[in-house]
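Read the structure below first, then the notes.
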Amino acid sequence: MENHQALSTTTDDMSADSTLDSITQRKHAAMIKRLSSINQSRVNSRTCPKDPSFESTKSFLSVFTNSKQAIESSLTQIQHNLEANPNPTLDLKLQLEKISQLEKLVAENSYFLPPYEVQASLKTIDNLKQTFDSVSSKVIPRKKFSFKNKTARKPEPTNIVAKETIENEQSCYKVKDSPGFRGKENERLTNEFKGSEMGEFVLSDLTGCEVRLKGCTRALFINRLQNCKIYAGPVLGSILIEQVEGCLFVVASHQIRIHDAKESDFYLRRRSRPIIEQSFGVRFAPYCLCYDGIESDLKESNLDLDDDDDDVRSWENVDDFQWLRAVQSPNWSILPESQRIDTVNI
């Protein structure tokens, strides 16, 4: 009897292993098909000779490495040439802009890069930011405390003000001079992109706002939002989201990176896996936005996915860069159907 039970257990284990192997093989085949489809879509959509995307991972890495080395070299020169350059503020701001441009470069091309290359590039950018902070703290020291007669108080040194400006600029994905909505509370904000208006757009420092964006834009940068609802048409490039809490997003793009998000819901349509970092309590569901002309906008942005397209369900395949274990990350989940909102018509 015991031998029979042991044999039965062994047979069940073998059956389970076989089932797991079969599931693994299916997932692998689906992944290969998805990656092949993404690459083919990119090739088919390359009709403009000025497309900023690169032809290959190798060419991207070459440009990325050269830019990274140039920034490192410039920061080293700034630190070592203080005597020849007593006011290095402008040089520091220039390097900060270059770091931001490098981060934007990764975001715009990450939809075709291997995940490990994206992660490595983002790590390199974080290291550059740390180097920038180190150099900035040395060449622009903080104002020292001292007792002085209030009537004889001198104006605050301009380099201290410049340092505060640099720190504020570095804290988010802000794109200089880009249009957008900033510093609003409890308002409904609307914008419609048409023709030449297609570019970068910024949502920053919003509280309790509802944002409605119609039409296509090239990139969307979102930073420091609380209790907001964001409804946006398709984004041709990438969406970068940082420091959001208690928000709802209905967005479509080729690539989305979410950093420092808390208790927020994301309704997505995209051609690559969502990326989250240092986030928790985030939930995902499929895109549910409607407005006059959205079908043509989705087609123009190459996001008009068929129901049988593997990419149509990429919203539920989330990469958590802070969770490297094989089991499900506790930081995100699929939003239950019973709790999802209905299609939103803007």
Side-chain angles (χ1 to χ4, degrees), residues 50-54 59-110 113 117-118 120-144 155-180 182-183 199-205 217-224 237-243 255 257 259-260 277:
K50 296 183 179 180
D51 194 319
S53 298
F54 294 89
S59 60
F60 168 83
L61 291 177
S62 176
V63 172
F64 181 87
T65 301
N66 290 339
S67 299
K68 170 235 179 189
Q69 291 175 347
I71 294 171
E72 289 176 333
S73 177
S74 296
L75 290 175
T76 300
Q77 291 179 7
I78 292 173
Q79 185 174 352
H80 291 166
N81 296 336
L82 286 180
E83 294 183 359
N85 184 14
N87 186 15
T89 301
L90 294 178
D91 290 339
L92 280 174
K93 292 188 68 174
L94 177 60
Q95 298 312 311
L96 179 58
E97 290 178 0
K98 289 182 178 180
I99 293 175
S100 298
Q101 291 171 1
L102 197 60
E103 189 167 34
K104 177 184 171 185
L105 183 74
V106 175
E108 290 180 341
N109 293 277
S110 58
L113 293 171
E117 294 292 3
V118 176
S121 298
L122 295 176
K123 177 62 176 175
T124 297
I125 291 173
D126 287 339
N127 291 339
L128 285 175
K129 289 182 177 180
Q130 292 178 12
T131 302
F132 176 89
D133 286 339
S134 176
V135 173
S136 179
S137 65
K138 293 177 182 178
V139 302
I140 307 179
R142 295 183 181 275
K143 185 171 62 174
K144 296 181 179 179
E156 190 174 58
T158 57
N159 62 338
I160 300 298
V161 176
K163 177 175 174 59
E164 292 175 353
T165 302
I166 290 174
E167 289 176 344
N168 289 335
E169 289 181 357
Q170 187 184 14
S171 65
C172 65
Y173 294 119
K174 182 177 178 180
V175 179
K176 185 177 181 181
D177 298 330
S178 292
R182 300 174 173 87
E200 298 164 342
F201 203 77
V202 177
L203 303 176
S204 181
D205 298 295
T217 185
R218 186 163 298 281
L220 183 60
F221 300 87
I222 300 173
N223 180 247
R224 294 194 296 268
S238 302
I239 300 176
L240 300 179
I241 300 176
E242 183 182 41
Q243 297 180 27
Q255 196 271 344
R257 180 187 174 193
H259 182 268
D260 193 14
E277 295 179 283

Atom [atom1] of [X] and atom [atom2] of [Y]: how far apart are they, to the nearest 0.5 Å?
| X | Y | atom1 | atom2 | result |
| --- | --- | --- | --- | --- |
| L61 | N66 | CG | CG | 10.5 Å |
| S74 | K98 | OG | NZ | 5.0 Å |
| I222 | E242 | CD1 | CD | 11.5 Å |
| L94 | I99 | CG | CD1 | 10.5 Å |
| Q130 | L128 | CD | CG | 9.5 Å |
| F201 | L220 | CZ | CG | 8.0 Å |

Nearest atoms (heavy-atom pairs only) where [X] meets [Y]:
| X | Y | value |
| --- | --- | --- |
| S121 | F60 | OG-CE2, 4.0 Å |
| K68 | T124 | CG-CG2, 3.7 Å |
| E200 | S178 | OE1-OG, 3.3 Å |

Between the main-chain N or O of Q69 and the side-chain N or O of S73, is there a donor-acceptor pair closer than 3.5 Å?
->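 Judged by distance alone, no pair lies under 3.5 Å.
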
Any Q95 side-chain heavy atom under 4.5 Å of V135 side chain =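 No - every pair of side-chain heavy atoms lies 4.5 Å or more apart.
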
Report yes if some heavy atom in the side chain of R182 is under 4.5 Å from a heavy atom in the side chain of D205; otherwise report no.
->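 The answer is no, as the side chains (C-beta and beyond) never meet within the 4.5 Å cut-off.
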
Single hit among I241, I239, L122 for side-chain contact (heavy atoms from CB on, under 4.5 Å) with R257 |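 Of the listed residues I241, I239, L122, the side-chain contact (heavy atoms from CB on, under 4.5 Å) partner of R257 is L122.
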
